[in-house]
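Reading through the structure tokens given below for one structure.
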There are 2 protein chains.
Amino acid sequence: MPATRTSKTGRTQEERSAAMRARLLDATIDCLVEHGYSGTTTTRVAERAGVTRGAQVHHFPTKADLVTAAVRDVAARRARLAFARMDELAASTDPIGDTLDLLWEIHQGPIFAASTELLLAARTDPALRALVAEVEPEISEVIVEFGRRLFGPQADTSAFRHYAYTAMDTVRGLLVGSWAYPDDSHLDARWQRARACLRQLAPAELTVR
Amino acid sequence: MPATRTSKTGRTQEERSAAMRARLLDATIDCLVEHGYSGTTTTRVAERAGVTRGAQVHHFPTKADLVTAAVRDVAARRARLAFARMDELAASTDPIGDTLDLLWEIHQGPIFAASTELLLAARTDPALRALVAEVEPEISEVIVEFGRRLFGPQADTSAFRHYAYTAMDTVRGLLVGSWAYPDDSHLDARWQRARACLRQLAPAELTVR
DNA sequence: AACAATACCTGCAAGTGTGTATGTTAGTTT
DNA sequence: AAACTAACATACACACTTGCAGGTATTGTT
């Protein structure tokens, strides 16, 4: 136990460590979104987090570690957010449609830009690639688990998996496209169209558990 | 006319210039694909093209110029390739389906990786962004023109445009996804599914001109 | 043949990014 | 309270990138 109060701050090592890591990860995501992967220099991250570079390197020895940890972190947070709304979906009159909307919603915010930056960087950086290869199955597994809890064993069929992938591809495509054609005004409308298509495409026998 | 043959090479300035530019642009695309945007250093490009950096900077004063020119170049070449197959499409029994397949085919090869690298870099780099904003409408226009020639004035309806965008988004999404999940084996199968969906989604009244 | 213009080369300056080595402070253990 | 460990800070070395200045060679013009 943290018995001896030798100092004034009164924070245990673990608390300090966790707080520091959180600040660094947040700063990293911000940098990824604002400056892209190569613009996310360890120096800049440290600055933004209000931390010295020494502290940063102590927690994340290499840039690859830092960035993957950051993306893993937001992904996990978004996942928790999704799971928190599971009941709502199960009670819905159109669970599939609502799940699609949730998928869209989850992808809003910094997560998509950040993870795309990571992904594209990993495409050509072996060190990153190795780390991403570790993280990616975790994320996949979370998605599958989500489906399993919502739709039961049907989620383990290959048809379901294909469907889930297709849905995610569609969302990704729309969002990448939104960078190419910065006319964001019709973005939601286009999602509505795509959603309608996906809704129709859903395996007919799919029912909420 | 290039009358005076003062030298042995016998190449006109314009020829020299064009050849040099071509070599630089090709090398740039290769680097984009292999090393990503930030890994595409002007030094590396020059090396790869077998040219000094001085020559490179003479033709493309800045890195942004070089890279956008390169992407514009491949895009143009792919477009020519598409136009070359226009007759084939017009004669097809399923012109829309075949056009979708052509769209997919066009996106294979280096063009997609290269342009995505450019796009993502432009997302956070103002100088690049400005150049991309110039190139992007050109590309859009080519696509619209293609549609217009194949489907006539129907291509100018907003429904058609939305459809074209959706199709392109789908292709992009699939390909970005293929980097996230490096299991390329099912990629074509997934395109078949997506294609089927898009085929169905096509404006019913759409006919070849 | 002489002059101008363009293509191309060499070398450099300034800035930046990453990782590491080494010192200091705060927390933990006995 | 002393010894120990983890957290954090400072400073540096090495490599690398970009854009530019100033020179040489090739082509076009008169």
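Within every chain, numbering begins at 1; the chains are lettered A, B, ... in the order of the sequence lines, protein sequences first and strands thereafter.
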Length of the line joining B/Arg21:CZ and C/dT6:P, which is rounded to integer Å:
14 Å

Starting at atom NE2 of A/His59, determine the distance to atom C1' of D/dC8, rounded to an integer number of angstrom.
8 Å

Need one value for A/Ser38: base, sugar-phosphate or nothing, where a base atom within 4.0 Å counts as base even if backbone is also close, heavy atoms only.
nothing

Take the protein atom CG of A/Asp65 and the nucleotide atom P of C/dG19, then report the distance between them rounded to whole Å.
9 Å

With a non-hydrogen cut-off below 4.0 angstrom, is A/Thr42 in contact with a base, only sugar-phosphate, or nothing?
sugar-phosphate

Closest to the B/Thr52 side chain, choosing from C/dC8, C/dT18, D/dA7
C/dC8

Given D/dT17, C/dG17, C/dC9, which nucleotide is nearest the side-chain atoms of B/Thr41?
D/dT17

Taking the side chain of A/Arg53 as its heavy atoms from C-beta onward, which of C/dA7, C/dT28, C/dT20 lies nearest to it?
C/dT20

We want to know whether B/Ser92 and B/Asp98 form a side-chain donor-acceptor pair, criterion being a heavy-atom distance below 3.5 angstrom.
yes

Starting at CE of B/Met20 and ending at P of C/dC9, how long is that distance when rounded to a whole Å?
5 Å

To the nearest Å, how far apart are B/Arg44 CZ and D/dA15 C1'?
13 Å

Quick one about A/Arg193 and B/Thr166 (side-chain donor to acceptor, distance below 3.5 Å, no hydrogens or angles considered), yes or no?
no

Does the plane of the ring in B/Trp191 sit parallel, tilted or perpendicular to the ring in B/Trp104? Use 30° and 60° as the thresholds.
parallel

If you only use heavy atoms from C-beta on, which nucleotide in C/dG19, C/dC8, C/dG17 is closest to the side chain of A/Thr62?
C/dG19

Of the candidate nucleotides C/dC9, D/dG19, C/dG19, which contains the atom at the shortest distance from the side chain of B/Lys63?
D/dG19

CZ of A/Phe60 versus C1' of C/dT18: gap in Å, rounded?
17 Å

Set out, in order, the CA-CA distance, both residues' side-chain angles and the distance that settles salt bridge (charged side-chain N to carboxylate O under 4.0 Å, His left out) for B/Arg48 and B/Glu34, then state yes or no.
CA-CA 12 Å; B/Arg48 177 143 200 159; B/Glu34 275 178 38; 3.2 Å; yes

Out of C/dT28, C/dT20, D/dA9, whichever nucleotide has its closest atom nearest the side chain of A/Val57:
C/dT20

Rounded to the nearest Å, what distance is computed from the NE2 atom of residue B/His58 to the P atom of nucleotide D/dG23?
18 Å

Taken to the nearest whole Å, CG/B/Leu24 to C1'/C/dC8 is 11 Å

Can you classify the ring geometry of B/Phe146 versus B/Phe83 as parallel (below 30°), tilted (30 to 60°) or perpendicular (above 60°)?
perpendicular

